[in-house]
Amino acid sequence: MKRLRVGLLGCGNVGAGLVALLGEQRAVIAARTGIELEISRIAVRSASKDRGLPMAPSVFCDSAADVVTDPEIDVVVEVIGGIEPARTLLRQAIDAKKPVVTANKELLANHGAELFGAADEVGVDLLFEAAVAGAIPLIRPLRESLAAEPLQRIMGIVNGTTNYILTQMSEHGAGFDEALSEAQSLGYAESDPSADVEGFDAAAKAAIIATVAFGVEVVAGDVYHEGITRITPHDIEMARRLGFTVKAVAVAERATVIDSDDPGLPEVAVRVHPAMVPLQHPLAGVRDSFNAVFVQGDAVGELMFYGRGAGGRPTAGAVLGDLVDAAVNLSSGASGRIGRLAPARIRSIDDLRTAYYLSLEVADKPGVLASVAAVFGRHGVSIRSMQQHGLGDDARLVFITHQCRERDLRATQRDLSGLREVHELGNVIRVIGEESRPR
Ligand code: NDP
Ligand code: HSE
């Protein structure tokens with residue numbers, strides 16, 4: 001029986017979940033792989049804190065660098081989060097030829113190319129299944145099973161916290177703040193939850209998805225993102241009346257089919273935003289902290305991945321899977337390489353074509369609807385449906401458009417806000433199921 005010593009960096013929601021899960025599964029893993037995995041050192045911020053874990057106090061320390069450079073440590077698992085010191089620690093581990101497992105999407109979405117390149121160069125594993133969509137096996141299928149598939153589009157719900165909040169608001173009439181604190185206490189949210197609710201976390205995941213799926217270098221800053229903080233109970237109620245539900249979605253797509261005879265620069269469009277999802281769409285049924293991702297390929301058609309997108313124990317399951325993989329590879333002298341990443345052109349959100357929901361508070365007077373409709377017409381935005389709710393000064397017009405270009409919708413929005421009859425311009429929300437791929 002081979003014994004591999006694991007250095008664990010971070011022991012919060014995910015790290016503590018990993019300690020517990022490995023304790024339960026150690027014998028099964030050993031029987032299957034012939035490798036005994038032992039977490040021999042754990043670095044945390046406060047080493048003296050009682051974590052209620054079955055580990056000797058001497059295992060804990062407050063210097064992650066000491067754990068990484070300890071010659072007794074064979075494999076490093078990083079579940080601290082954030083860019084630094086995680087980036088430096090992972091570089092140290094890789095340079096010392098130690099395989100690394102991480103759940104850190106923020107780091108990979110900003111410095112992935114550097115770290116993947118370093119790992120490839122020395123031939124060690126850098127595995128990150130848990131970084132995208134928690135427990136769902138998505139990275140390995142994209143990277144291995146679908147390696148030869150000309151993937152076109154990946155769309156899904158990739159943030160558990162925001163999906164939990166939107167579910168609580170839609171189904172239980174919960175307030176935003178109340179639902180967010182529940183998500184925090186359930187261990188779903190990032191240490192700074194604005195990463196979740198402002199869309200940064202989903203943007204990082206979308207960048208990683210695009211990188212792995214299309215083999216191009218996409219960083220977090222390339223991803224257009226909007227959070228869910230401006231979604232109101234009114235939007236949620238309107239969505240329900242119109243046959244939709246509001247979800248936060250991530251979309252990564254190729255703007256052009258890459259012709260192998262003429263490689264050119266691949267063009268990709270990657271975005272994260274709230275969306276009106278038709279109630280009959282499979283994403284509409286994805287509730288609470290669950291995530292789901294649709295992968296659309298040329299040969300395979302459409303695939304759907306579904307599961308727990310957040311939470312200590314489910315995420316630890318994905319980390320442990322990577323850890324077993326890294327251990328097996330280490331003992332057999334192999335490593336899973338991410339491969340060469342090509343540069344990509346990023347398609348502007350202005351060029352997106354989709355349908356939109358928008359609502360306006362207007363004066364309920366003759367001629368108002370005609371003035372409003374004229375603005376849509378002037379910018380070539382065709383109205384698919386319109387409803388009026390309320391009367392008098394409280395009248396609200398709710399529109400769903402046909403597909404149009406984002407820049408035309410923005411121009412419409414700008415001109416509507418200048419109309420005297422429009423008292424307030426509500427949210428504009430893209431409608432899923434009506435969008436076309438960029439050409
Ligand atoms: P937590 O905030 O719960 O835990 C972070 C841990 O890191 C804590 O144990 C903390 O120590 C430790 N830590 C912080 N700074 C340092 C440092 N400088 N040196 C050593 N240890 C340090 O985070 P999570 O477990 O929720 O998340 C960890 C990672 O996993 C993040 O990258 C996150 O994005 C990712 N992730 C999280 C998921 C989830 O559902 N929670 C799902 C998927 C990915 P101390 O305990 O002493 O404060
Ligand atoms: N905060 C993240 C989420 C954790 O809610 O999805 C999983 O990556």
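Start at 1 and go down the list; that is how both ligands and their atoms are numbered. Counting begins at 1 with the first residue of the sequence. Side-chain atoms are counted along with the backbone in the values below, which use heavy atoms only and exclude waters and symmetry mates.
- Compare Ala318, Cys11, Ser46 by their heavy atoms: the one nearest to atom 47 (O) of ligand 1 is in Ser46.
- Of all atoms in ligand 2, listed by their number and element, those nearer than 4.0 Å to a heavy atom of Lys105 are 2 (C), 4 (C), 7 (C), 8 (O).
- Contact atoms of ligand 1 toward Gly81: 31 (C), 32 (O) (distance under 4.0 Å to a heavy atom of the residue).
- For the side chain to side chain contact (heavy atoms under 4.5 Å, CB included) criterion with Phe244, the lone passing option out of Asp235, Ile429, Val431, Val277 is Val431.
- If you number the atoms of ligand 2 from 1 as listed, the ones under 4.0 Å from a heavy atom of Glu190 come out as 1 (N), 2 (C), 4 (C).
- Residue Ala131 places no N or O, backbone or side chain, under 3.5 Å from any N or O of ligand 2.
- Both the backbone and the side chain of Thr161 come within contact range of ligand 2, each with a heavy atom under 4.0 Å.
- Atoms of ligand 1 found under 4.0 Å from any heavy atom of Gly311 (numbered from 1 in listed order, with element): 39 (C), 40 (O).
- Contacts of Pro85 with ligand 1, taken as heavy-atom pairs under 4.0 Å, involve the side chain alone.
- The residue from Val14, Ile42, Leu9 that puts a heavy atom closest to atom 25 (O) of ligand 1 is Val14.
- Closest to atom 46 (O) of ligand 1 among all protein heavy atoms lies Arg51 NH1, 2.8 Å.
- Of the candidates Ala195, Cys61, Gly187, the one placing a heavy atom closest to atom 39 (C) of ligand 1 is Gly187.
- Of the heavy atoms in Glu190, only side-chain atoms (C-beta onward) come closer than 4.0 Å to ligand 1.
- Ranking protein heavy atoms by distance to atom 36 (N) of ligand 1, first place goes to Lys105 NZ, 3.7 Å.
- The shortest N or O to N or O distance between Asn13 and ligand 1 is under 3.5 Å.
- Applying the side chain to side chain contact (heavy atoms under 4.5 Å, CB included) test between Ile73 and each of Val76, Thr69, Val75 identifies Val76 as the sole match.
- Under the 4.0 angstrom criterion for non-hydrogen atoms, Gly134 is not in contact with ligand 1.
- Atom 28 (C) of ligand 1 has its closest protein heavy atom at Val79 O, 3.3 Å.
- Under 4.0 Å is where a charged nitrogen must lie from a carboxylate oxygen, and between Arg230 and Glu198 no such pair does.
- In this structure, the protein non-hydrogen atom closest to atom 48 (O) of ligand 1 is Arg45 NH2, 3.0 Å.
- The ligand atoms of ligand 2 that sit less than 4.0 angstrom from a heavy atom of Gly160 are 3 (C), 5 (O), 6 (O).
- At least one heavy atom of Ile80 sits closer than 4.0 Å to an atom of ligand 1.
- Annotation: atom 7 (C) of ligand 2 to nearest protein heavy atom, Gly309 O, 3.3 Å.
- For atom 42 (C) of ligand 1, the closest non-hydrogen atom of the protein is Thr315 OG1, 3.1 Å.
- A salt bridge does not link Glu72 to Arg41: none of the charged nitrogens lies less than 4.0 Å from a carboxylate oxygen.
- Heavy-atom proximity to Lys49, at under 4.0 Å, picks out these atoms of ligand 1: 46 (O).
- Among all non-hydrogen protein atoms, the one lying nearest atom 30 (O) of ligand 1 is Ala103 CB, 3.5 Å.
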